[in-house]
Number of protein chains: 2
Amino acid sequence: MDRLDRKILRLLQENATLAVADVAKKVGLSTTPCWRRIQKLEEEGVIRKRVAVLNPEKVNARVTVFVSIRTNAHNPEWLKRFSEVIKEFPEVVEFYRMSGDVDYLLRVVVPDIASYDQFYKKLIAKIEIRNVSSAFAMEQIKYTTELPLDYMVLDKEPAQASA
Amino acid sequence: MDRLDRKILRLLQENATLAVADVAKKVGLSTTPCWRRIQKLEEEGVIRKRVAVLNPEKVNARVTVFVSIRTNAHNPEWLKRFSEVIKEFPEVVEFYRMSGDVDYLLRVVVPDIASYDQFYKKLIAKIEIRNVSSAFAMEQIKYTTELPLDYMVLDKEPAQASA
DNA sequence: TATTTCAAGGAAAATATTTCTACAATGAAG
DNA sequence: CTTCATTGTAGAAATATTTTCCTTGAAATA
């Protein structure tokens, strides 16, 4: 992984429809080596997938709720069951195990508060939870799928562009 | 927007590299109308973009921190300035204005705790904040870019597939 | 310094795939 | 029975992917 790989990743994180030739041009490479690099990044799993990102408004996914969860059952069985339950809910788009006084944090996406209430009832019907607290987002000011690449570990200097 | 559009979106949310012909086959349509639908979904902005999703581990983005922010300055100027500052940080991948006792919530992605501390110092150097509290994620159990489409508003019944 | 080796890039072309356009057919609604 | 929206078939044009083979330059070794 060198600076060229990073440049390629940056471009594809922004726009995955770019043709290999265009990526190549932008990073200052010809198509063949650029194609080989992308291929490799995919094989290695650096690039996990390519997806379409939708407009939340347009698909009626207007409300984001952060759900903080505390549990009594601090054991792997409970977590396993809980994870499986959560993964079934398409409304839960993110799910973290946390340090600190909150045990788990969910990001839930629904059309409105009423739908959130329905989701909430479905959730607590499926699994026992000690304590749930919901925080509503009023506005999504920034949302990106792009990971910061400045921290990426570079094996070596980028190969000098040969004449 | 009917059930066919929804089906198309579901597929493209999962995998944006699918050829139109493949999408068509899966939704039970021939390529032309499927192509036209996708075209329209893009024009209307339902599909916002297509992106490559990277593996956080592989690009050294291992630690997620949720940063809760309280401010004294409840005015549009401060928010504007704050937003601009935040948008400059590639480490901040999500940013919400919240209801409740927390004013803003950030999701920050960095390689490790030391980097988070550096980020934190950079942030408070740039803008005055009353109160910051950081919660560290130990594990990302679920993360998806797919929005739930079950809530999508359908104009009408899907057109009957014609013979 | 000469020579070998190796990793990476470049050009070009074959292949494959995709996109996009015309035009005909269908079925529902009025 | 007319109209309108939508689909289907087929094919041309454009693009993209992938392979083959060659070149280059850096590093290693004698």
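Residue numbers start from 1 in every chain, and the chains themselves are labelled A, B, ... in the order their sequence lines are given, proteins ahead of strands.
Within a 6.0 Å sphere centred on CD1 of B:Ile113, heavy atoms belonging to other residues, nucleotides or ligands number 12 at most.
In this view, B:Ser68 and B:Val102, B:Leu105, B:Ser133 satisfy the side chain to side chain contact (heavy atoms under 4.5 Å, CB included) rule, not counting sequence neighbours.
For the pair B:Lys25 NZ and D:dT7 C1', the interatomic distance rounds to 18 Å; values are reported in whole Å. Atom CD1 in A:Ile38 sits roughly 13 Å away from atom C1' in D:dT18 (whole-Å rounding). Distance A:Glu42 CD to D:dT18 C1': 14 Å, rounded to the nearest Å. Atom CD1 of B:Ile8 and atom C1' of D:dT6 are 13 Å apart (whole Å). Note: NZ (A:Lys40) to C1' (D:dT17) measures 20 Å, nearest angstrom. A:Arg37 places its CZ atom 18 Å from the C1' atom of D:dT17, with the value rounded to the nearest Å.
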Would you mind building the protein contact string for nucleotides 12-18 of chain C? One character per nucleotide, 5' to 3', B for base within reach (heavy atoms under 4.0 Å), S for sugar-phosphate only, - for untouched. B-----S

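Here C:dG9 is the nucleotide among C:dT21, C:dG9, D:dT7 with the atom lying nearest to any side-chain atom of A:Arg36. The side chain of B:Pro33 lies closest to D:dG8 when the candidates are C:dT19, D:dG8, C:dG9.
Each of B:Phe82, B:Phe119, B:Phe95 was compared with B:Phe89 under the ring-ring contact (aromatic ring centres under 6.0 Å, His included) criterion, and only B:Phe119 meets it.
Apart from B:Val51 itself, the hydrophobic cluster it occupies contains A:Val51, A:Val53, B:Val53, where clustering links Ile, Leu, Val, Met, Phe, Trp and Tyr at side-chain heavy-atom distances under 4.5 Å.
Dashed line: the shortest gap from a side-chain N or O of B:Trp35 to OP1 or OP2 of C:dC20 is under 4.0 Å.
Of the N and O atoms on the side chains of A:Tyr116 and A:Ser134, at least one donor lies less than 3.5 Å from an acceptor on the other residue. Of the N and O atoms on the side chains of A:Tyr120 and A:Gln118, not one donor lies less than 3.5 Å from an acceptor on the other residue.
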